[in-house]
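As the structure is a computational prediction, the values presented were derived from the model and not from experiment. Heavy atoms only: backbone and side chains are in, while hydrogens, waters and symmetry mates are out. A note on names: the letters A, B, ... follow the listed sequences, proteins ahead of strands, and every chain is numbered from 1.
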Amino acid sequence: MKQALANLLSQALQNLVADGTLVEDPKVTPQIDHTKDPSHGDLATNLAMVLAKHAKMSPRDLAARILLAIPENAIVEKTDIAGPGFINFFITQASNTQAVNDIFAAGRRYGYTDIGQGKRVQVEFVSANPTGPLHVGHGRGAAIGDALCRLLKATGWHVHSEFYYNDAGQQITNLALSVQARALGLTPDDAEWPEDGYRGEYITDLAQAYLNKETVSAADRSLSAGGDPHNLDDIQEFAVAWLRREQDADLQAFAVQFDEYFLESSLYAGHDVETTVERLTANGHTYEQDGALWLRSTDFGDDKDRVMRKREGGYTYFVPDVAYHLNKWQRGFERVINEQGADHHSTITRVRAGLQGLDTGIPEGWPEYVLHQMVTVMRDGTEVKLSKRAGSYVTLRDLIDWVGRDATRFFLTARAATSQLTFDIDLALSQSNENPVYYIQYAHARVCSVKRKALDLGEDWQPQAGLAHLDMLKEPEARSLALILGRFPEVVSGAAERLEPHDIANYLREVASEFHSFYNALKLIDSDDQALSLARLALAEATRQVLENGLDLLGVSAPESM
RNA sequence: GCGCCCGUAGCUCAGCUGGAUAGAGUACCUGACUACGAAUCAGGCGGUCGCACGUUCGAAUCGUGCCGGGCGCGCCA
């Protein structure tokens, strides 16, 4: 719709250039927006105001000239010049209800576009260390990251989702030491307990499983415990596999899947880390000082240089990170998007600096980042900070157990990632009008119910039959519902472009709201007027389809009954 | 001290690539079920958009400086 209008306007401009009103195509980007106020029409543009200076005319005069230059068409019913020079467009009935036809034609793929043209994008998210259950922050990352993948797929990108597994380094050693301590009968209160040890209840379960010589099967491996509390390497290998299984189960409960789990240890095994360091050194971006090897990251915008190889010989954490991203680059991804918690913000400059230092033609802004702020969990008006299982934090599993997968997903994606999030357990639990998830799902279930009811009247009460009578949808409630359904493709492509899934959540609430108003104002099934009923049923079914498609982008189910 | 994010209705948040009278939910108040699902709808109340300058036809939106909150500033990850 917007696009069609934009085409008309650009033809109008060409006409004005041709007749000398305008000199040539000026470099301005006029906007076409949906109006807030129905008296302003359905769509409006600021074109005349933007061009006024260039044309040396007043915005309102120019607007009048533009309107005269618009070619004959079947879209615009009438126009208006308003305020300082806005051009308002009232679109025709047929043009408005065309969305319903489009929705029936495209079905499950309505809203999808081919903007990405099949180009490859890699999305990395969650990437939790295998040292404990996933917490609510990982949950937010999982919900947003997965929604991003779905949005990118819907806009024609070839998406590869990935979970980076930090199965090397100090924190894994601490994990192994903690499990070993438990296996040897120590508790976190003992003086001999490892200094940076993990204290959650799961450590106890893990130690017990190890002593019982249990076998764990995770996505990529199956491993049996040796059961020897003095074999630290064996404990470590078992602990990582066990926690991986634990995290897999959490992600499965959240319906999040990854195309690939990438192991940090593979970067050491494959010498990627060494190669990365060698290349940075060969390119002259490193120096030795105080027994350590430094990256001159200040050459690439960092506020200080960073140690790469510590005095004791090990690499700092960001070195394998750079190696990992070089690996991503070599795999040929057009774009790479990393979804992470904002507390890791400082790594961005470091990783990009390392990549620039490799001199392999990686663009400066590569990879892209989506950072999410912290999540606070509230219940009964107070903050929930602890879980039994993990000890010091609320887990993703806790949220799912408390409020269910759909509500968890929705609440975690409904807010802008840049805003801190307060997760209100009581609100998410309420099965009433307070809960936005149910509000949207209810609209979907309601359509399903009405369709069932209509079919009770006979086989000829299929919504599709209403497509022949769409011209009967004249009431304002029907009009504005059709109008918002027609916006869905723009909403999806906009959300994907800005990497902001919460746009979808807001849009779906509006759709549900328009539908409920429509439903309450008009009777959908009237056996005395089948044609009109069918037209309304078709509009309802189109609404259902948009709700289903939109909820799916957020990973939320669209129930046929509740 | 430096960097990033945030500050909009009592509460939770949209709007932020500048546009018309700043929106939604919730809370509170009035109404609507012998109709297809009232988990709904219609209406009302509620705001110096943190503050101050600036940019311009026009600023919640852009710039600068303050104030307040969060996160990060390690040879931890």
Side-chain angles (χ1 to χ4, degrees), chain A residues 29 31 33 35-37 39-40 44-46 49-50 52-53 58-59 82-86 88 129 131 166 168-172 174 196 264 289-294 302-304 306-318 320-321 341-349 371-374 376 378 381 411 414-424 427 430-439 441-443 445-454 456-457 477 498 502-503 505-506 509-510 512-513 515-526 533 536-537 540 561-562:
Chain A
T29 51
Q31 290 178 5
D33 289 313
T35 58
K36 297 174 206 164
D37 185 337
S39 70
H40 294 151
T45 181
N46 63 352
M49 292 186 292
V50 178
K53 239 176 222 171
S58 81
F86 288 102
N88 295 332
N129 293 333
T131 55
N166 291 98
Q170 189 59 41
Q171 83 279 7
I172 296 301
N174 290 339
D196 295 316
E264 180 185 8
Q289 185 181 306
D290 303 330
L293 181 69
W294 297 68
D302 205 351
D303 53 1
K304 55 178 119 167
R306 306 291 172 177
V307 169
M308 296 175 67
R309 191 173 55 229
K310 295 179 267 188
R311 200 178 314 166
E312 44 84 1
Y315 293 109
T316 54
Y317 74 94
F318 90 93
D321 235 22
D343 53 340
H344 286 70
H345 177 261
S346 59
T347 69
I348 296 176
T349 317
L371 302 177
H372 64 260
Q373 298 288 325
M374 294 189 63
T376 308
M378 299 289 286
F411 276 70
R415 303 297 187 213
T418 50
S419 289
Q420 290 173 38
L421 178 70
T422 302
F423 196 114
D424 186 336
L427 178 62
S430 73
Q431 303 210 346
S432 74
N433 54 357
E434 297 165 32
N435 192 329
V437 189
Y438 288 107
Y439 183 81
Q441 290 183 322
Y442 178 60
R446 214 173 197 185
V447 177
C448 294
S449 171
V450 174
K451 276 164 59 185
R452 285 191 295 267
K453 201 85 183 176
D456 286 346
L457 293 176
E477 291 85 358
R498 290 189 300 273
H502 74 279
D503 288 351
N506 289 331
R509 210 195 185 286
E510 281 182 60
S513 172
F515 174 73
H516 287 311
S517 296
F518 165 74
Y519 179 91
N520 273 283
L522 306 168
K523 192 167 183 179
L524 303 208
I525 301 174
D526 179 356
S533 298
R536 290 177 178 170
L537 282 169
S561 64
M562 302 179 66

Stacking between B:A20 and A:Phe86, yes or no? Criterion: centroid separation under 5.5 angstrom, plane angle under 30 degrees.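 Yes; centroid distance and tilt both under limits.
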So, A:His502 and B:A14: ring centres less than 5.5 Å apart, planes less than 30° off, yes or no?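 Whether judged by distance or by angle, A:His502 falls short somewhere, so it does not stack on the base of B:A14.
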[M] and [N], which share atom name [atom1], separated by this distance in whole Å:
N: B:G54; M: B:C76; atom1: C1'; value: 44 Å
N: B:C57; M: B:A52; atom1: C1'; value: 23 Å
N: B:A27; M: B:U40; atom1: P; value: 11 Å
N: B:C36; M: B:C45; atom1: P; value: 32 Å
N: B:U48; M: B:A9; atom1: C1'; value: 13 Å
N: B:U64; M: B:A24; atom1: P; value: 33 Å

Listed by chain and number, what are the salt bridge (charged side-chain N to carboxylate O under 4.0 Å, His left out) partners of A:Asp303, not counting sequence neighbours?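 A:Asp303: salt bridge (charged side-chain N to carboxylate O under 4.0 Å, His left out) contacts with A:Arg306.
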Under the salt bridge (charged side-chain N to carboxylate O under 4.0 Å, His left out) test, which residues partner A:Arg452, sequence neighbours left out?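 A:Arg452 satisfies salt bridge (charged side-chain N to carboxylate O under 4.0 Å, His left out) with no residue once adjacent residues are dropped.
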Under a 90° cut-off about 0 for the syn range, is B:C16 syn or anti?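 B:C16: anti glycosidic orientation.
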Once hydrogens and angles are ignored, does a donor-acceptor distance under 3.5 Å link the base of B:A20 to the side chain of A:Asn88?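 Between B:A20 and A:Asn88, which were checked side chain against base, a qualifying N/O pair under 3.5 Å is present.
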Does A:Thr418 have a side-chain nitrogen or oxygen under 4.0 Å from the phosphate oxygens OP1 or OP2 of B:C6?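 Checking A:Thr418 against B:C6: at least one side-chain N or O falls below 4.0 Å of OP1 or OP2.
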Does OP1 or OP2 of B:C33 have a side-chain N or O of A:Tyr519 closer than 4.0 Å?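 Negative; the distance criterion is not met.
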Please name all residues satisfying ring pair (Phe, Tyr, Trp, His ring centres under 6.0 Å) with A:Phe86, sequence neighbours left out, ordered by chain then number.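 Checked A:Phe86 against ring pair (Phe, Tyr, Trp, His ring centres under 6.0 Å); zero matches.
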With A:His516, which residues qualify under ring pair (Phe, Tyr, Trp, His ring centres under 6.0 Å), at least two apart?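 Partners of A:His516 under the ring pair (Phe, Tyr, Trp, His ring centres under 6.0 Å) test: A:Tyr439, A:Tyr442.
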Without swapping roles, check the side chain of A:Asn46 against the backbone of A:Gln31 for a donor-acceptor pair under 3.5 Å.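 Side chain of A:Asn46 to backbone of A:Gln31: a pair is present.
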Using a 4.0 Å heavy-atom cut-off, does A:Lys523 contact any base of the nucleic acid, only the sugar-phosphate backbone, or nothing at all?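 Here A:Lys523 touches the bases of the nucleic acid.
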Contact state string [nucleotides 67-77 of chain B, B base, S sugar-phosphate only, - no protein heavy atom under 4.0 Å]: --BSSSSSBSB
Taking a pair as Watson-Crick (N1 to N3 plus N6-O4 or O6-N4) or G-U wobble (N1-O2 and O6-N3), both under 3.5 Å, which stems of 3 or more consecutive pairs involve RNA chain B?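 So far as stems of 3 or more pairs are concerned, RNA chain B shows B:1-7 with B:67-73, B:10-13 with B:23-26, B:28-32 with B:40-44, B:50-54 with B:62-66.
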